[in-house]
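Each residue takes its place number in the sequence, starting with 1.
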Amino acid sequence: MPSPSTPFAPVLHSEWLKIRTLRSLLGALLALFAATTAFSAIAGVSETSDPEFDPLFMALSGVAPGQIAAISFGAMAVSSEFHGGGLRLTLAAVPRRGRWFAAKLVAIAVPTLVVGLVTAFAALLVARAGLGDAASGLSPGEQVRGVVGCALYLTLMALFAAGITALLRSGAGALSLIIPFILVVSFVIGDAAGTAVDFLPDRAGQSVLYESPDGTLGPWTGLGVTSLWAAAAVAAGAWSIRRRDA
C-alpha cells in the first residue's frame with residue numbers, strides 16, 4: 001500500500017486500477033463513445049432547412065448527449081470513494097489528501113481525453129459521410145481543432161463533475177445539479193439570458209465545436225472559460241477533501 005513517502009506514480013497507479021476494475025466507469029466511457037457517434041451520425045443524415053448551418057458543429061453535435069456520460073464518469077469515479085468507508089481506507093494508505101485527489105483527477109482526465117479524441121474523430125467521420133458536400137468546405141485545421149477541442153471539452157466537464165462531487169460528497173447530488181443545469185438552465189432559461197449564457201460552462205466550451213462561433217467567445221477563449229469553471233469546481237472539491245472528516 002502507498003505510504004506518506006510514496007512517489008506520485010504508485011498513487012496514480014492505484015487510482016487507475018480502481019477505475020479499470022469498476023464496470024460502471026468503463027460503461028460510462030463506452031456510453032460516451034456510443035452516444036456521441038450515434039447522434040452525430042443521425043445529425044449527419046438529417047436534412048436542415050437552415051442555409052447557414054455550421055457543418056463542424058453539426059458533425060460534432062453528438063457531444064450534447066455524450067457529455068452526460070463524461071459528466072457521469074467524473075462524478076462516479078469520485079463518489080465511489082464515499083461508499084462503505086472507502087475514503088477512510090484510501091487516506092490510510094495515502095494520508096496526503098492533496099496527492100490522492102490529484103492522482104484521482106489525473107486518472108479521470110487521461111482516459112476521458114483519450115476516449116474523447118477517439119470519439120470526436122469517429123463522430124466527425126460518420127457525420128461527414130452523411131453531410132457529403134455540405135461539409136466539403138471544412139479545412140483540415142478546422143477539423144483538427146474540432147476533434148481536439150471536443151476531447152478537451154469532455155475532459156473538462158468530467159473534471160468539473162469530479163470537483164462538484166468531491167464538494168458535495170455525493171455522486172447523485174452532483175449529477176442532479178449538473179445535468180438539469182445543462183439540459184434545462186443552459187438550453188431553455190439560458191436563451192433568455194442574453195450574452196451571459198455564453199459564459200456558462202457548457203455553452204462556453206462548445207464554442208470550439210463551431211466552424212464560425214457567433215457568440216461572445218471564440219473557440220479557445222470559450223474553452224478557457226470552461227477551464228475556469230472546472231478549476232473552480234476542483235478547487236472547491238480539494239478544499240472539502242482537506243477540511244472535512246473522511
Side-chain angles (χ1 to χ4, degrees), residues 32 35-36 39-40 43 50 52-75 78 105 108-109 112-113 116-117 119-120 123 141-168 170-171 173-240:
L32 168 60
T36 303
F39 278 87
S40 287
D50 185 1
E52 298 182 357
F53 87 103
D54 191 299
L56 183 61
F57 182 75
M58 182 70 74
L60 297 174
S61 59
V63 74
Q67 68 181 330
I68 296 176
I71 291 167
S72 298
F73 175 71
V78 175
L105 294 174
I108 291 170
T112 306
L113 180 62
L117 285 169
T119 297
E142 289 169 338
Q143 294 178 70
V144 170
R145 186 248 293 168
V147 169
V148 173
C150 180
L152 290 173
Y153 169 72
L154 291 169
T155 302
L156 289 171
M157 293 304 287
L159 292 175
F160 178 70
I164 297 297
T165 301
L167 175 63
L168 300 180
S170 169
L175 292 176
S176 65
L177 176 67
I178 299 172
I179 293 178
F181 178 84
I182 290 174
L183 297 180
V184 178
V185 176
S186 180
F187 283 92
V188 178
I189 301 175
D191 288 336
T195 57
V197 71
D198 294 337
F199 293 88
L200 295 177
D202 57 317
R203 290 290 189 94
Q206 289 182 26
S207 297
V208 78
L209 307 181
Y210 286 85
E211 179 184 13
S212 302
D214 57 2
T216 307
L217 302 172
W220 298 115
T221 53
L223 206 59
V225 169
T226 302
S227 300
L228 293 177
W229 280 93
V234 165
W239 173 87
S240 178

Check: Under the side-chain contact (heavy atoms from CB on, under 4.5 Å) criterion, do F73 and L32 qualify, and how do the steps go?
Finding: CA-CA 9 Å; F73 175 71; L32 168 60; over 6 Å; no
Of I178, I182, V63, the one forming a side-chain contact (heavy atoms from CB on, under 4.5 Å) with D202 is I182
Correct closest heavy-atom pair for L117 and V147 would be O-CG1, 3.9 Å
So CD1 of I71 and CG of L156: to nearest 0.5 Å the spacing works out to 11.5 Å
Residue pairs passing the side chain to side chain donor-acceptor pair (under 3.5 Å) test with at least one member in residues 148-165, sequence neighbours excluded, are Q67-Y153, Y153-Q206
Show me the donor-acceptor pairs within less than 3.5 Å that the side chains of residues 53-60 make with the rest of the protein, sequence neighbours left out.
residue, atom, partner, partner atom, Å
D54, OD1, L56, N, 3.1
D54, OD1, F57, N, 3.1
D54, OD1, E211, N, 2.9
D54, OD2, E211, N, 2.9
D54, OD2, S212, N, 3.1

**Asked** Any donor-acceptor pair under 3.5 Å linking the side chain of S40 with the backbone of A123?
**Response** no
Value for CG (L209) from SG (C150), rounded to nearest 0.5 Å, stands at 5.5 Å
Looking only at heavy atoms, the pair that brings A174 and A161 closest together is CB-O, 4.4 Å
Residues passing the side-chain hydrogen bond (donor to acceptor under 3.5 Å, both in side chains) test with S227, sequence neighbours excluded, are none
key: Heavy-atom side-chain contact between L152 and T226 under 4.5 Å   = no
Check for a donor-acceptor pair, side chain of W229 on one end and backbone N or O of F199 on the other, with a separation under 3.5 Å.
yes
For S170, the side chain to side chain contact (heavy atoms under 4.5 Å, CB included) test, sequence neighbours excluded, returns A172
Minimal heavy-atom distance between A166 and S240, with the atoms involved, is O-OG, 3.2 Å
- Check: L183 and I68 side chains under 4.5 Å, non-hydrogen atoms: yes
For residues 215-224, please give each side-chain donor-acceptor pair under 3.5 Å, one per line with the distance, not counting sequence neighbours.
residue, atom, partner, partner atom, Å
T216, OG1, D198, OD2, 2.8
T221, OG1, G218, N, 2.7
T221, OG1, G218, O, 3.2

Heavy atoms of F39 and G62 approach each other most closely as CB-CA, 3.7 Å
side-chain hydrogen bond (donor to acceptor under 3.5 Å, both in side chains) filter on Q143, not counting sequence neighbours, yields R128
